[in-house]
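Working notes, structure below.
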There are 2 protein chains.
Amino acid sequence: MKPTLQTVADRVGVSRSTVSNAYSRPDQLSPELREKILDAARELGYSGPNPTARSLRSGRAGAIGVLFTTALSIAFTDPYAVQFLRGLAEVAEDNRTGLLLVPLRDDDEGALEAVRNAAVDGFVVYCVPGWYKAMEAAWARGIPVVNSDHFGSLFVGIDEIASTRAAGEHLMRLGHRRIAIVADYISPDRRTGEVSVPSVEGLGSYVSRERLTGYRDAFAAAGLPWSDVITISAAGNSREHGAAAAAHALDRSPRPTAVVATTDLLALGVLDALAARDLRPGRDVSVIGFDDIPDAAQAHMTTVRQPALERGRIAGRLLLDPPDDPADRRVVLPTELVVRASTGPAPAGSN
Amino acid sequence: MKPTLQTVADRVGVSRSTVSNAYSRPDQLSPELREKILDAARELGYSGPNPTARSLRSGRAGAIGVLFTTALSIAFTDPYAVQFLRGLAEVAEDNRTGLLLVPLRDDDEGALEAVRNAAVDGFVVYCVPGWYKAMEAAWARGIPVVNSDHFGSLFVGIDEIASTRAAGEHLMRLGHRRIAIVADYISPDRRTGEVSVPSVEGLGSYVSRERLTGYRDAFAAAGLPWSDVITISAAGNSREHGAAAAAHALDRSPRPTAVVATTDLLALGVLDALAARDLRPGRDVSVIGFDDIPDAAQAHMTTVRQPALERGRIAGRLLLDPPDDPADRRVVLPTELVVRASTGPAPAGSN
DNA sequence: GCCAAGCTCTGTATCGGTCGAGATGGCTGT
DNA sequence: ACAGCCATCTCGACCGATACAGAGCTTGGC
């Protein structure tokens, strides 16, 4: 039989409450008695109050649930995700709170079960499309949900549209007119290949929708109709998927003079595809990513920088201490277009 | 007021137990009643039994604690760690169990608190030196602890010594005599630089101790005394730290003909250091890593392959369903020396 | 026609703590 | 001497569920 508070209380000859106080409120009893109690506990092999029982009574789970779409291996392969998680972990640690990973491999009954059965004080959602049933389940829990998308009243994100609009304008200034966009979650079956996206607004994935919108607007302002832009679906957010998707753009004739991607990981894949074809980034084909992960700098890649670490931190703070003022419950962080060597003027005679 | 089982029970006019059964044991009541109950729950906004209360009564937390030494950002930067975690997550998911991350930034009171207060059914320890107080705290909890080191009765690992001995023998066959070893956790202050390790057995870090032992034994068998081997401490397990440590070896005169590292991440850093000096891996300097992460293959690096994914899976299984037979509670997985282009004969006249 | 066996559902104890009000007793101030 | 106060400890209710024994009613076999 495992020792409980009562076991220790009986041993020392005090009440259960007092033993509880010895752990949770040291100021509520004399230091001598506290020492005596802790000694007895050590002797009995009692290692402190049962976390579950404590949670039940105090109403605090002591953990934040982290909702992922993708498989763990993919999610943590993206340095952006890792940075985000790190910011979150920092804040969590400062608040004596743990992180409970809830990977949503599929949007099936098992995932719903996992969401419903997670002992957490709230959820941080990392790139889960809004149509997932698991999101509803998280909502139904009646605990705070911090999103990077538009769902929910707690939100931390960036102005996605303005960010890619700036990137698009950069391309326009450079004279590009034949452009391909590589993005995840833009085809229903999530396969690699060219897809037609007549209505950007209709996309279910918040991130892809917004980022494509920004590009579309920038192109439109320069007189380039959306129907002239090649949209290519990637089957996942990884370098490999980016390269595979880029192939569908680069092997066309005439070749696009610029290939942009919705994440750096995909864009790095595009660079890989260029290299495999002996094409020079920024000369033969311009490339733009999104996130500004360390590898982007190393690859001299033009991209949009967003504060991943800070985003994680704020997500944690929003969750653990939701502001009363609704205006403060939605945080929009600044981004910055980082121009590097992967973008350059459209090759002469390309139009 | 949030709805509880009782709220739903009152609404439908059944007992609390029956509502509980509707969720947890569908076979214990008629399908019609169950439907009625679930409908009422939906109507009341009740999203299922409170996870914490359920855990308390049933004695199952529904989560595995994952203990890390390093900062989250580092831990997840290592593909080996991610693979391990992925294997663990797989098994956890199959058992309707979550993963609670418990990063041990420092070995301080806060970390102890986190370990003691984690609502988990057991801990999986990932590369935490045995001297950490947090390990004791985990032990004291009286729940299963799966280690990759020698501590605890539940263990999943590899024969570290035999693995590096094989790598060492490979070097000996190639004729190397001037050798440097880059390792983490071999200096008390964990700084970068050459350190003297007179007694390998005295090292506190299990992994470094074992891996160095294997090399030492292989060298000794070929007549190369340990005192002739240069041991260099890396300040952390990353490519950058590996490169910094390698500098201390490569800038010596005479230069070592081989630099081995205790992890692939460190070894990749060594390769970076070679490149920075226009030295050719496998020709001017041979390099060996450990783990066989994907980047190792891409870098044509000789290394020891260990089954990271499988290791994670087995850790999960050992934890969730500890075998009765003590012999089955310690699993040793096979490793394999993968020879690639980063190792070659010692340069002529190097002795 | 009768008793054992099933199927459903109920009732009570219990999981292991924390919470808030209140009891106790020594000390101070007047 | 007495009220008031602080520091210290106790008491009983409660957090929200699950476990287990058993009650009531229908079946089925002989």
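Protein chains get the first letters and strands the later ones, always in sequence-line order, with residue 1 at the start of each.
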Any N/O donor-acceptor pair, B:T4 side-chain to D:dA17 base, under 3.5 Å: no

Polar pair under 3.5 Å, donor/acceptor by atom type, side chain B:R54, base D:dT18: no

Touch class at under 4.0 angstrom, heavy-atom based, for B:L29 against every strand present: sugar-phosphate

Sugar-phosphate only, base, or nothing, as touched by B:S55 at under 4.0 Å among non-hydrogen atoms: nothing

Touch class at under 4.0 angstrom, heavy-atom based, for A:Y46 against every strand present: sugar-phosphate

B:E160/B:R209 ion pair, N-O < 4.0 Å: no

NZ/NE/NH1/NH2 to OD/OE distance under 4.0 Å, A:E310 and A:R313: yes

Sugar-phosphate only, base, or nothing, as touched by A:S30 at under 4.0 Å among non-hydrogen atoms: sugar-phosphate

Position toward the 5' end of DNA chain C (nearest nucleotide), A:S24 or B:T18: B:T18

Donor-acceptor pair under 3.5 Å, A:R16 side chain vs C:dG17 base: yes

Of the listed nucleotides D:dT10, D:dC15, C:dG17, the one nearest the side chain of A:A53: C:dG17

Sugar-phosphate, base or nothing in reach of A:T52, heavy atoms under 4.0 Å: nothing

Non-neighbouring partners of B:E210 that pass salt bridge (charged side-chain N to carboxylate O under 4.0 Å, His left out), sequence neighbours left out: none

Among C:dT18, C:dC9, D:dA17, the nucleotide that comes nearest once only the side chain of B:Q28 is considered: C:dC9

Sugar-phosphate only, base, or nothing, as touched by A:R25 at under 4.0 Å among non-hydrogen atoms: sugar-phosphate

